[in-house]
Amino acid sequence: MFNLPKSQLQCYGESVYCNNSDILSKCAKQETSLERFTSVVAWSISTMRPLMFGVAPYNPVLGETHHVSRGTLNVLLEQVSHHPPVTALHATDEKDKVEIIWCHRPVPKFYGTHIETEVQGKRQLKILDRNETYIMNSPNLVIRFFPMPGVDWLGNVTIKCQETGLEAELNYRGNSFLPRPSVHRSIKGKIVMSSSSKTIYVVDGHWDRIVTMKDVFSGKVTVIYNAKEVIAGLKTPTVNDSKGILQSESTLVWAEVSKNILQKCWAKAKEAKTCIEERQRELAREAKLKGESWIPKHFTISHSKESGWDCLPNQKLVCSAPIIVPPVESHDGGECN
Ligand SMILES: CC(C)CCC[C@@H](C)[C@H]1CC[C@H]2[C@@H]3CC=C4C[C@@H](O)CC[C@]4(C)[C@H]3CC[C@]12C
């Protein structure tokens with residue numbers, strides 16, 4: 001398998017900081033709890049993007065970080081464990097008063113025709129002004145080799161807001177054998193009031209195209225998510241202040257490997273990658289000898305058999321980053337608001 005010239009940390013980060021429309025601030029701005037909830041559902045879908053087959057991001061080294069800002073949204077990721085791999089994400093936006101905390105541990109299972117990676121761990125989105133926390137999970141990632149090569153999201157996602165009692169059940173589906181476009185990358189689900197288990201909206205569509213919701217009382221159908229609008233024409237983050245970049249930053253850690261991949265110098269890329277992995281093994285060996293356990297810089301991690309891995313950010317706010325996502329030009333009359 002070839003490497004994408006970026007790290008897994010960057011892939012996780014992109015799903016938060018690379019949005020064309022302001023789908024995240026919409027979650028905070030909506031007036032009613034039901035509107036906020038449906039916006040959170042749309043945001044959750046926006047983090048599930050189509051991934052490329054045949055290319056994999058780098059496996060992050062322990063302590064690797066990725067720190068990027070987009071407008072007032074500051075995102076910080078850290079690889080808090082290497083064996084097993086655990087990635088933590090913290091993002092805050094002081095203007096919109098939202099906070100995101102993710103803690104993920106991918107667990108791949110190998111089958112003859114595909115690899116199914118369960119993405120364990122939870123995602124939290126907090127709307128601070130309203131004192132609301134939305135807790136959700138990630139679907140599984142399926143890398144299929146046969147009969148049609150492809151990467152897809154599969155399985156169930158639950159989104160819950162305890163404060164308002166609203167809940168969503170989403171089911172990501174795909175083709176198992178027969179290629180049927182209506183099923184391919186489809187998503188079906190419902191939004192319910194958990195106390196009465198009454199369905200309010202039925203969610204239907206395709207996560208790589210359009211997702212709608214239908215009001216079960218009035219029958220009215222509205223588009224809640226349009227993949228094209230949200231993820232088309234995304235901007236690559238750029239370095240704004242090269243002196244401010246941490247030694248542990250993904251773009252710096254993997255710079256040599258990425259440079260060689262982009263120049264198609266495969267042997268050199270491989271050499272640089274082996275070098276990073278060797279150093280990682282060496283550090284792990286030393287730490288083991290000293291009986292030291294690794295302490296992440298930006299998160300406090302906990303682990304239990306029942307609830308798995310959990311990460312709590314050490315800082316209340318993420319500071320602005322030396323790498324920024326350039327603003328989208330709104331030449332067509334502010335389409336992106
Ligand atoms: C055994 C080998 C081939 C498996 C390699 C799996 C790698 C490529 C998988 C494992 C977990 C995956 C990540 C799981 C969750 C997310 C969050 C989502 O919002 C964007 C994609 C992203 C960031 C995935 C990118 C690909 C990923 C890093």
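Numbering of ligands and ligand atoms starts at 1, following listing order. Residues: numbered from 1 along the sequence shown. Computed over heavy atoms, backbone and side chain alike; hydrogens, waters and symmetry mates excluded.
Between Lys122 and Asp310 there is a salt bridge, since at least one side-chain N of the basic residue sits less than 4.0 Å from a carboxylate O of the acidic one.
The shell of residues lying under 4.0 angstrom from ligand 1, judged by heavy atoms, includes Gln8. Under a 4.0 Å heavy-atom criterion, Glu116 is not in contact with ligand 1.
Heavy atoms from both the backbone and the side chain of Thr47 come within less than 4.0 Å of ligand 1. With a heavy-atom cut-off of 4.0 Å, Pro57 touches ligand 1 through its side chain alone. Looking at Cys11 against ligand 1, both its backbone and its side chain come within 4.0 Å, counting heavy atoms. Neither the backbone nor the side chain of Lys109 comes within contact range of ligand 1; no heavy atom lies under 4.0 Å.
Here the CG atom belonging to Leu246 is positioned 9.0 Å from the CD1 atom belonging to Ile323, to the nearest 0.5 angstrom.
Under a 3.5 Å cut-off, the side chain of Glu229 and the backbone N or O of Asn226 do not form any donor-acceptor pair. At distances below 3.5 Å, at least one donor-acceptor pair connects side-chain atoms of Asp215 with backbone N or O atoms of Ser218.
Using modelled atom types and a 3.5 Å distance limit, the side chains of Asn314 and Thr300 yield a donor-acceptor pair. For His66 and Glu249, the side-chain atoms include at least one donor-acceptor pair closer than 3.5 Å.
A search for salt bridge (charged side-chain N to carboxylate O under 4.0 Å, His left out) contacts involving Lys273 returns Glu277, not counting sequence neighbours.
The atoms of ligand 1 that sit less than 4.0 Å from any heavy atom of Arg123 are 17 (C), 18 (C), 19 (O). Those atoms of ligand 1 with a heavy atom of Pro106 less than 4.0 angstrom away are 10 (C), 11 (C). Proximity to Phe110 (heavy-atom distance under 4.0 Å) selects the following atoms of ligand 1: 1 (C).
For a threshold of 3.5 Å applied to N or O pairs, the pair formed by Ser138 and ligand 1 contains no separation below that value.
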